[in-house]
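Naming convention: chains lettered A, B, ... in sequence-line order (proteins, then strands); numbering from 1 in each chain.
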Number of protein chains: 2
Amino acid sequence: MTRDAHEARSRTGRRSGDSGSKVAILAAARLQFAEYGYDGTTIRGIAAAAGVDPALVHHFYGTKERLFAAATELPIVPSEAINAALASREPGRSLGTHLAYSALALWERADMRGAFQAMLRSALTSEQAAATLRDFIAEAILGPVASAAAGADAGNAAYRASLVATQMLGLAVGRYVLRFGPVAQASKEELAVAIGPAIDRYLTGDLGQAGRGH
Amino acid sequence: MTRDAHEARSRTGRRSGDSGSKVAILAAARLQFAEYGYDGTTIRGIAAAAGVDPALVHHFYGTKERLFAAATELPIVPSEAINAALASREPGRSLGTHLAYSALALWERADMRGAFQAMLRSALTSEQAAATLRDFIAEAILGPVASAAAGADAGNAAYRASLVATQMLGLAVGRYVLRFGPVAQASKEELAVAIGPAIDRYLTGDLGQAGRGH
DNA sequence: GGATTAATTCAACATACGTAGAATTCACCG
DNA sequence: CGGTGAATTCTACGTATGTTGAATTAATCC
């Protein structure tokens, strides 16, 4: 009927070729969850960033929670990565320093950074995300700790691990979330040698005479 | 007109006596900001907890941002508290240990805990709150660091301070926000002696040969 | 090439939120 | 004891959110 313009350009319907929308949505979700946390991220915002209708997000990923789960799914198995890292330690470098460096390197891998930051930022508002982070930390840190402190102070392994976790966590929050100056700008190597010894002490050192020995 | 029940109980209007609503609202706000962060907290939720109409919250505190500012206003001046803490150090106790203990004690003061946790949890979703936290940390930590490392390594004061901040921050997040086991249950004294030496090292120790001297 | 399936958008619903304005009741000052 | 101001609630507006269902178009299979 030549209504309006003579080329009606149907807006709806499937597009020609491979649009890559599903991947684009997941990428946008990673970015936004990392930047704004779970609550601060909106499906509409993700859809807009991916150049797509909000309903399509639903079509692919169902609910927002499932999208979050997909976005924070790590491309590696933490314990394997840690073990691989431990195996590659150069002689002359302490365990703590190596651990700190490996963690920093891991966090900055392009395919990890988004998922990791999303998890970190969301853990602080969503109890569900917090539980996931707790498990992740337990898996990632308790292993090395147990192997390092085995025999020496096995009864305190969990305590030692949690101390290591505070330092690593503080580093991550300070560097990536709060981004305060020097720590955000320093190189991985610089931070590793600065923090490593503290971690070594948590792993195997003397934790004070407060009488926590079993 | 004896419509319905014979006692119409005007719901609106001022109540008799001192209701304490204003204080109740602020207390509820502190609790909820601490528990859910800025975005996760709703004015309606605060009003419900305070047993009050949402509009009353507005009447007293204006906008949500102003309520947040009121709720996170610390009852002390950080730098003064730190200075007071520094002055009370017993001989035989390291600066780092004393600092860690003082911070823990400060965080657990009833009148601080709410405001502090609200700030901490909100800083991770709201950039505005993050900026406030950065300033707070700078004020609270840079002072002691500067005085401790004065002369010895003055050029690196900011770097050293930020390292201290990562450890303190990680401790706070692990203990109060994520609440993972051992660190959440340990006593202040226990944590102080465990973490103190690490902080001492950040303050005045050797940070590695990565060549950051000016 | 017709039927089926997947991709895509539109329009809409049901909630929830922050906020504003008007109305009502009490306290207090003269 | 009359009037001014503060406290309190009700109703409502505008907007944003997660989610759903129907409609439309392209790809794919037989």
S.K.: Whether Ser19(A) contacts dT8(C) is assessed here as follows: a side-chain N or O lying under 4.0 Å from the phosphate OP1 or OP2. Is that the case?
M.R.: yes

S.K.: Nearest 0.5 Å, what's the CG-OG distance between Leu191(A) and Ser162(B)?
M.R.: 8.0 Å

S.K.: I want to check something: taking the side chain as every heavy atom from C-beta on, are Leu169(A) and Phe180(B) in contact at a cut-off of under 4.5 Å?
M.R.: yes

S.K.: Expressed in angstrom and rounded to an integer, what is the separation of Ile46(B) atom CD1 from dG18(C) atom C1'?
M.R.: 12 Å

S.K.: Expressed as a whole number of angstroms, how long is the span from Phe68(B):CZ to dG18(C):P?
M.R.: 14 Å

S.K.: Please check if atom OH in Tyr36(A) has more than 12 non-hydrogen atoms from other residues, nucleotides or ligands closer than 6.0 Å.
M.R.: no

S.K.: Is there side-chain contact between Tyr61(A) and Leu26(A), with heavy atoms separated by less than 4.5 Å?
M.R.: yes

S.K.: Around atom CD of Glu35(A), are there more than 12 heavy atoms of other residues, nucleotides or ligands at under 6.0 Å?
M.R.: yes

S.K.: How would you summarise protein contacts on nucleotides 17-30 of chain D per nucleotide, using B for base, S for sugar-phosphate only and - for none, with heavy-atom distances below 4.0 Å?
M.R.: BBBBB-BBBBS---

S.K.: Would you indicate, yes or no, if dT8(D) has its OP1 or OP2 atom less than 4.0 angstrom from a side-chain nitrogen or oxygen of Ser21(B)?
M.R.: yes

S.K.: Go through the steps for Tyr38(A) and Gln32(A) under the test side chain to side chain donor-acceptor pair (under 3.5 Å), then give the verdict.
M.R.: CA-CA 9 Å; Tyr38(A) 183 83; Gln32(A) 303 219 2; over 6 Å; no

S.K.: Tell me: CD1 of Ile25(A) to C1' of dT9(C), nearest whole Å?
M.R.: 12 Å

S.K.: To the nearest angstrom, how far is Leu56(B) atom CG from dT24(C) atom C1'?
M.R.: 14 Å

